[in-house]
Amino acid sequence: MAMFIDQFRQVLRRLSRAPMFTAITLLTLAVGVGANTVIFSVIEGVLLKPLPYPNAEQLIGVWHKAPGINIPNLNMAPSIYFIDREQSTTLQDIGVYDGTRSA
């Protein structure tokens, strides 16, 4: 333990002799730790954390297309939603969300 304390004092002495190097080193470490924390939080929240729905592995996405008039993705109109909801024999239930609007 005494050897560790002596080495730690020597490191502090050397860092105090070069304050600019010390500041850049600490700033680099702080940015690195902060970036890793943010990236892990995003990955954990988006990829690793399960969705808050029962049987989330059975969720699917449904998109409508209009290739005849060159529209690759149609927004879900209320009439299409109600038709899909009432006439679907494959899906247990259907819901709609709009990911382009901000609250």
Side-chain angles (χ1 to χ4, degrees):
M1 186 69 174
M3 191 167 117
F4 175 75
I5 293 173
D6 291 338
Q7 289 178 352
F8 187 69
R9 285 182 186 160
Q10 184 179 9
V11 167
L12 289 178
R13 233 182 290 129
R14 286 188 182 192
L15 288 176
S16 67
R17 290 181 188 165
M20 185 60 106
F21 173 77
T22 304
I24 291 172
T25 303
L26 291 176
L27 182 66
T28 303
L29 284 171
V31 168
V33 168
N36 280 321
T37 303
V38 168
I39 290 170
F40 178 76
S41 297
V42 169
I43 288 175
E44 194 268 335
V46 173
L47 298 176
L48 302 177
K49 190 175 179 183
L51 294 173
Y53 302 106
N55 301 323
E57 69 278 356
Q58 295 178 358
L59 291 176
I60 62 167
V62 178
W63 287 267
H64 294 278
K65 297 180 179 185
I69 54 175
N70 294 326
I71 299 177
N73 293 321
L74 284 173
N75 289 334
M76 180 71 79
S79 59
I80 295 174
Y81 164 72
F82 287 116
I83 290 170
D84 287 349
R85 185 174 163 194
E86 298 300 321
Q87 296 180 1
S88 175
T89 57
T90 308
L91 304 174
Q92 181 179 359
D93 199 3
I94 189 169
V96 178
Y97 77 94
D98 184 4
T100 59
R101 296 183 187 162
S102 60

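Since this is a predicted model, take the numbers as computed values, not measurements. When a residue number appears, it is its place in the shown sequence, counting from 1. Just so it is clear, the values below take in all heavy atoms, side chains as well, and ignore hydrogens, waters and symmetry mates.
Here CD1 of I24 is found 8.0 Å from CG of L27. Values are rounded to the nearest 0.5 Å. The line from CG of N73 to NZ of K65 is 6.5 Å long, rounded to the nearest 0.5 Å. Between atom CG of residue L15 and atom CD of residue Q10 there is a gap of 10.5 Å, rounded to the nearest 0.5 Å. With rounding to the nearest 0.5 angstrom, the CD1 atom of I60 is 8.5 Å from the OG1 atom of T90. For the atom pair CD1 of I94 and CD of E86, the computed distance is 10.5 Å after rounding to the nearest 0.5 Å.
No more than 12 heavy-atom neighbours from other residues, nucleotides or ligands sit within 6.0 angstrom of CZ on F21. Within a 6.0 Å radius of CD in Q92, other residues, nucleotides and ligands contribute 12 heavy atoms or fewer.
In this structure, I43 is a member of the same hydrophobic cluster as V46, with clusters built from ILVMFWY side-chain heavy atoms closer than 4.5 Å. Under the 4.5 Å side-chain heavy-atom criterion for Ile, Leu, Val, Met, Phe, Trp and Tyr, V42 and I39 are members of the same hydrophobic cluster.
Using a 4.5 Å heavy-atom threshold, the side chains of D6 and R9 count as touching.
With S16 contributing its side chain and R13 its backbone, the two residues share a donor-acceptor pair below 3.5 Å.
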